Q: 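The following block contains the structure, expressed as structure tokens.
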Amino acid sequence: MGIDNFAAGAAAQLSRVPISWVKHEAKNAGNPCCAQLIALTGFEGYGRWWRLVELVSDNPLHTIPRHDEQGYKAYLLGLFFSDAEEFENYISILLDLDLAIVDECGRRVIPLVEAAALDVGMSRFNGSKGGKAAAANRKRKQG
């Protein structure tokens, strides 16, 4: 395994924590996928997408739960949907617009959140390397 693959794998493992931010550009509503979401669901649907981004960001697995998974009801209620069918229809729209995807493991994820989580994981990986190097340098100097 090359060093780049090792770093990417380590960053992916370290990214499995709640994250406190994702990039929200001022021109985001102009993104063709977001513009289509607004056309289909109105600004209510666009606001729900950003609320979903917040919920997924706070979930260490960064996934949208399925009906039979723990936490499903919190997402349903957190987005103010009255029933599971309405919620799943909304998720289907997000999948059709590539605002959400099904990854290679079959998990429903939001690419925006995945990218932010990987950035956090890489920062944590690089920080841990620096900490170990600094500790080794202190040990070498002391002894």
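This is a predicted model, so every value here is computed, not measured.
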Q: Residues two or more places apart in sequence or in another chain: which of them pass side chain to side chain contact (heavy atoms under 4.5 Å, CB included) with E85?
A: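 E85 satisfies side chain to side chain contact (heavy atoms under 4.5 Å, CB included) with D83, N89 once adjacent residues are dropped.
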Q: What are the two closest heavy atoms between P111 and A100, and how far apart are they?
A: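 Looking at all heavy atoms of both residues, the closest pair is CD-CA, 4.0 Å.
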Q: Enumerate the residue pairs fulfilling ring pair (Phe, Tyr, Trp, His ring centres under 6.0 Å) with a member in residues 86-109, sequence neighbours excluded, ordered by first and then second residue.
A: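 Only Y72-F87, F81-F87, F81-Y90 qualify under ring pair (Phe, Tyr, Trp, His ring centres under 6.0 Å).
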Q: Kindly compute the distance separating NE2 (H62) from CG (D103), expressed to the nearest 0.5 Å.
A: 12.5 Å
Q: Could you state the interatomic distance from CD1 (I110) to CG (D98), rounded to the nearest 0.5 Å?
A: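 Going from CD1 on I110 over to CG on D98, the span is 12.5 Å.
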Q: State, with a plain yes or no, whether a side-chain heavy atom of W49 is found less than 4.5 Å away from one of L112.
A: yes
Q: With salt bridge (charged side-chain N to carboxylate O under 4.0 Å, His left out) as the rule and sequence neighbours excluded, what pairs involving residues 30-40 come up?
A: none
Q: Can you sort out the partners of L55 under side chain to side chain contact (heavy atoms under 4.5 Å, CB included), two or more places apart, ordered by chain and number?
A: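 Per chain and number, L55 pairs via side chain to side chain contact (heavy atoms under 4.5 Å, CB included) with R51, Y75, L79.
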Q: Rounded to the nearest 0.5 Å, what separates atom CG in L94 from atom SG in C33?
A: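 It comes to 10.5 Å.
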Q: Find out if a path of hydrophobic residues (ILVMFWY) with successive side-chain heavy-atom gaps under 4.5 Å connects L76 to F80.
A: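 Not linked; separate clusters.
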Q: Show every salt bridge (charged side-chain N to carboxylate O under 4.0 Å, His left out) that has at least one partner inside residues 86-96, sequence neighbours left out.
A: E88-R108
Q: Under a 4.5 Å cut-off applied to non-hydrogen side-chain atoms, are F43 and I38 in contact?
A: yes
Q: Membership question, hydrophobic clusters at under 4.5 Å side-chain separation (ILVMFWY): are L95 and V113 in the same one?
A: yes
Q: Tell me, which pairs form a salt bridge (charged side-chain N to carboxylate O under 4.0 Å, His left out) where one or both residues lie in residues 30-41, sequence neighbours left out?
A: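 Counting only pairs at least two positions apart or across chains, no salt bridge (charged side-chain N to carboxylate O under 4.0 Å, His left out) contact touches residues 30-41.
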Q: Minimum heavy-atom separation for C34 and L99, please, with both atom names.
A: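 Taking C34 first and L99 second, the nearest heavy atoms are SG-CD2, 4.0 Å.
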Q: Tell me every residue that passes salt bridge (Lys or Arg N to Asp or Glu O under 4.0 Å) with E44, counting only those two or more places apart in sequence or in another chain.
A: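 Once residues adjacent in sequence are excluded, the partners of E44 under the salt bridge (Lys or Arg N to Asp or Glu O under 4.0 Å) criterion are R48.
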Q: What residue among D68, T63, I64 forms side-chain contact (heavy atoms from CB on, under 4.5 Å) with R66?
A: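 The option that passes is D68.
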Q: Less than 4.5 Å apart, any side-chain heavy atom of L97 and any of L40?
A: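 Yes, close enough: below the 4.5 Å cut-off.
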Q: Taking ILVMFWY side chains as joined if any heavy atoms are under 4.5 angstrom apart, and letting links pass through other members, which residues group with V109?
A: I101
Q: Output all residues satisfying side chain to side chain contact (heavy atoms under 4.5 Å, CB included) with L77, sequence neighbours left out; order by chain, then residue number.
A: K73
